[in-house]
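Atoms within a ligand are numbered from 1 in the order they appear, just like the ligands themselves.
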Amino acid sequence: MGQRHPSVMIEMKQKGQKIRMLTAYDVLMARLLDQIGVDMILVGDSLGNMFAGYDNTIPVTMDHMVYHTQAVCRGVSRALVVADMPFMSYHVSVEEAKRNAGRLIQEGGAHAVKMEWVSGAEAAIEAVIGIGIPVMGHVGLTPQSVYQLGGYKVQGRTESAAEGLIAQAKLLEKAGCFAMLLELVPADVAQNVTSQLSIPTIGIGAGAGCDGQVLVTQDVLGMTDAKLPRFVKPYATLHAEMTKVLGQYLSDVSSGVFPGEAESF
Ligand code: KIV
């Protein structure tokens with residue numbers, strides 16, 4: 001069964017081995033990530049922006065998440081697949097939280113779910129863990145609360161905000177989370193959280209002191225022509241490359257170079 005158990009992530013922290021996590025929304029990307037040996041794959045609700053073209057993650061539903069989780073899981077044989085619990089899937093009641101987390105595992109095939117911090121989330125998280133589902137917590141910038149936070153801003157900048165963030169992370173660790181995602185947090189605060197938790201921290205825009213890193217795969221590949229967040233390092237410029245090769249296809253069809261005589265049956 002490979003390395004997919006959450007306890008492997010905790011062992012990696014203990015051994016000082018960095019945890020590598022990337023996002024996937026479809027089978028093709030998931031298979032590729034699994035083959036290169038990524039430790040965890042996140043079926044992020046960022047699919048709302050990156051796949052569906054919404055302005056934010058708020059419109060993403062449980063049905064969207066189940067569909068994409070199924071697609072990802074069909075391509076994975078080794079990595080730990082974590083699926084996001086979308087907005088409103090655990091905010092109304094503990095019963096709904098359990099039912100929805102259960103769908104991502106039972107129908108979607110995920111191995112764990114991720115739940116963003118909201119006030120009182122620890123009860124829902126504890127209940128989901130109580131029915132045998134591993135949970136990754138998510139503190140710092142929590143995009144499902146974008147309207148309350150007033151935009152995609154760095155969190156935990158002041159001393160009291162940093163203390164609040166550390167308290168949230170500790171509360172979610174106590175509730176039983178196996179890992180903690182830290183999004184858009186000053187590096188020293190992320191380092192502090194990392195040293196205070198025994199579970200691994202996975203950073204995105206949170207500096208080098210975290211136990212692991214996650215990025216949106218399309219950003220790493222430079223697949224969009226949109227402005228990337230400052231913390232993203234694009235390792236390729238696939239948008240330009242794809243524009244070039246698909247443009248070549250268009251002109252080959254126009255000129256008759258493709259399919260050409262040789263390709264006819
Ligand atoms: O939805 C997502 O992709 C995320 C990011 C932090 C990677 O939560």
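Heavy atoms from other residues, nucleotides or ligands lying under 6.0 Å from CZ of Phe231 number more than 12. By the neighbour-count criterion of 12 heavy atoms within 6.0 Å, atom OH of Tyr235 is sparsely surrounded, having that number or fewer from other residues, nucleotides or ligands.
Judged purely by distance below 3.5 Å, without hydrogens or angles, the side chains of Thr57 and Asn49 never pair a donor atom with an acceptor atom. Using a 3.5 Å distance cut-off with no hydrogens or angles, the side chains of Ser198 and Glu173 do pair a donor with an acceptor. Judged purely by distance below 3.5 Å, without hydrogens or angles, the side chains of Thr217 and Tyr25 never pair a donor atom with an acceptor atom. There is no side-chain donor-acceptor pair under 3.5 Å between Tyr152 and Asn56.
Within 4.0 Å of ligand 1, contacts by protein heavy atoms are made from Thr23, Leu42, Gly44, Asp45, Ser46, Asp84, Lys114, His138, Leu181, Glu183, Ile204.
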